[in-house]
Amino acid sequence: MENTGKILWTDMTVDNADEIRDFYSAVIGWKSEEIEMNKGEYYDFSMYSEDPTSPTAGICNQKGPNKGLPTGWIVYFGVTDIKKSINRAMEFGGEILTEVREMPGYGLYCFMKDPNGHPFAIFQTTVS
């Protein structure tokens with residue numbers, strides 16, 4: 001697949017998403033678009049430079065499906081076969097942080113840690 005091995009996305013999950021959104025907006029000029037979560041209970045943010053249809057990153061709350069994820073930036077790497085990549089990661093000392101999740105209309109992803117404890121995600125695109 002064309003996305004295999006590429007960095008597809010980056011986001012961070014934090015307790016204070018509003019404050020971190022404002023920080024990056026002030027420091028590097030990112031704008032944000034709110035993403036309604038849990039039927040309006042809270043909002044995560046898609047960050048972009050100029051064009052909201054071309055987001056740069058995400059800033060997410062440590063709530064709902066993101067509860068318990070490590071804080072800090074997490075990079076999403078493209079893989080061709082998510083199950084095979086998970087198995088290979090485990091063989092080489094990786095750790096699974098979440099089950100495989102679906103982003104409807106886009107693909108499957110899983111949060112993991114490498115042997116040094118650094119969090120990352122793998123993402124298998126299901127659309128061409």
Side-chain angles (χ1 to χ4, degrees):
M1 271 194 148
E2 64 188 60
N3 290 328
T4 299
K6 293 183 180 178
I7 294 174
L8 303 178
W9 183 252
T10 186
D11 66 23
M12 74 163 55
T13 301
V14 294
D15 286 329
N16 56 342
D18 292 345
E19 179 182 345
I20 297 301
R21 173 206 54 201
D22 294 346
F23 173 84
Y24 282 100
S25 293
V27 173
I28 60 177
W30 276 349
K31 297 167 181 69
S32 66
E33 183 174 306
E34 292 182 337
I35 301 168
E36 183 178 318
M37 303 300 290
N38 205 24
K39 297 180 182 176
E41 180 182 322
Y42 60 94
Y43 292 88
D44 287 345
F45 304 99
S46 179
M47 307 301 290
Y48 61 95
S49 294
E50 296 297 325
D51 180 2
T53 64
S54 294
T56 302
I59 298 177
C60 308
N61 288 280
Q62 268 188 326
K63 298 178 181 180
N66 293 332
K67 187 174 183 175
L69 289 179
T71 59
W73 290 108
I74 296 178
V75 176
Y76 291 65
F77 296 102
V79 298
T80 302
D81 183 331
I82 196 164
K83 289 181 183 178
K84 182 178 178 182
S85 293
I86 290 169
N87 290 335
R88 294 292 286 168
M90 299 300 291
E91 287 176 31
F92 284 89
E95 177 185 343
I96 298 171
L97 297 177
T98 67
E99 71 285 346
V100 174
R101 298 174 176 179
E102 181 179 5
M103 185 178 295
Y106 295 99
L108 305 171
Y109 63 103
C110 180
F111 292 101
M112 304 185 76
K113 282 187 180 179
D114 69 19
N116 283 326
H118 300 284
F120 69 99
I122 54 176
F123 192 95
Q124 177 186 324
T125 304
T126 56
V127 294
S128 14

CD on Q124 to CG on L108, rounded to 0.5 Å: 5.0 Å

Gap between atom CD1 of I122 and atom CD1 of I86 - 0.5 Å precision: 4.5 Å

For a 4.5 angstrom cut-off between non-hydrogen side-chain atoms, does [X] reach [Y]?
| X | Y | result |
| --- | --- | --- |
| I59 | S32 | no |
| L69 | T98 | yes |
| T13 | P70 | no |
| N66 | N61 | no |

Worked check of side-chain contact (heavy atoms from CB on, under 4.5 Å) between M47 and S25: CA-CA 9 Å; M47 307 301 290; S25 293; 3.8 Å; yes

N116 side chain vs H118 backbone, donor-acceptor pair below 3.5 Å: no

Any donor-acceptor pair under 3.5 Å from K31 side chain to S49 backbone: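 Confirmed, K31 side chain pairs with S49 backbone.
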
Do [X] and [Y] sit in the same hydrophobic cluster, where Ile, Leu, Val, Met, Phe, Trp and Tyr count as joined when their side-chain heavy atoms come under 4.5 Å apart?
| X | Y | answer |
| --- | --- | --- |
| Y48 | Y43 | no |
| W9 | I35 | no |
| M112 | V79 | yes |
| V14 | I28 | yes |
| I82 | M103 | no |

Derivation of the side-chain contact (heavy atoms from CB on, under 4.5 Å) call for N38 and K63: CA-CA 9 Å; N38 205 24; K63 298 178 181 180; over 6 Å; no

Pairs flagged by salt bridge (Lys or Arg N to Asp or Glu O under 4.0 Å) wherever residues 32-43 is involved - sequence neighbours left out: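 Applying salt bridge (Lys or Arg N to Asp or Glu O under 4.0 Å) to every pair that reaches into residues 32-43, excluding sequence neighbours, yields nothing.
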
Listed once per pair and sorted, the salt bridge (Lys or Arg N to Asp or Glu O under 4.0 Å) pairs that draw on residues 95-121, sequence neighbours left out: E99-R101

Please name all residues satisfying side-chain contact (heavy atoms from CB on, under 4.5 Å) with [X], sequence neighbours left out, ordered by chain then number.
| X | result |
| --- | --- |
| V75 | I7, T10, F77 |
| A121 | I74, Y76, F111 |
| D18 | R21, F45 |

ring-ring contact (aromatic ring centres under 6.0 Å, His included): pairs with one or both residues in residues 16-40, sequence neighbours excluded: Y24-W30, Y24-W73

Could you report the tightest heavy-atom contact between [X] and [Y], atom names first, then the distance?
| X | Y | value |
| --- | --- | --- |
| C60 | D11 | SG-OD2, 4.1 Å |
| G94 | P115 | N-CG, 4.4 Å |
| D81 | K84 | OD1-N, 3.1 Å |

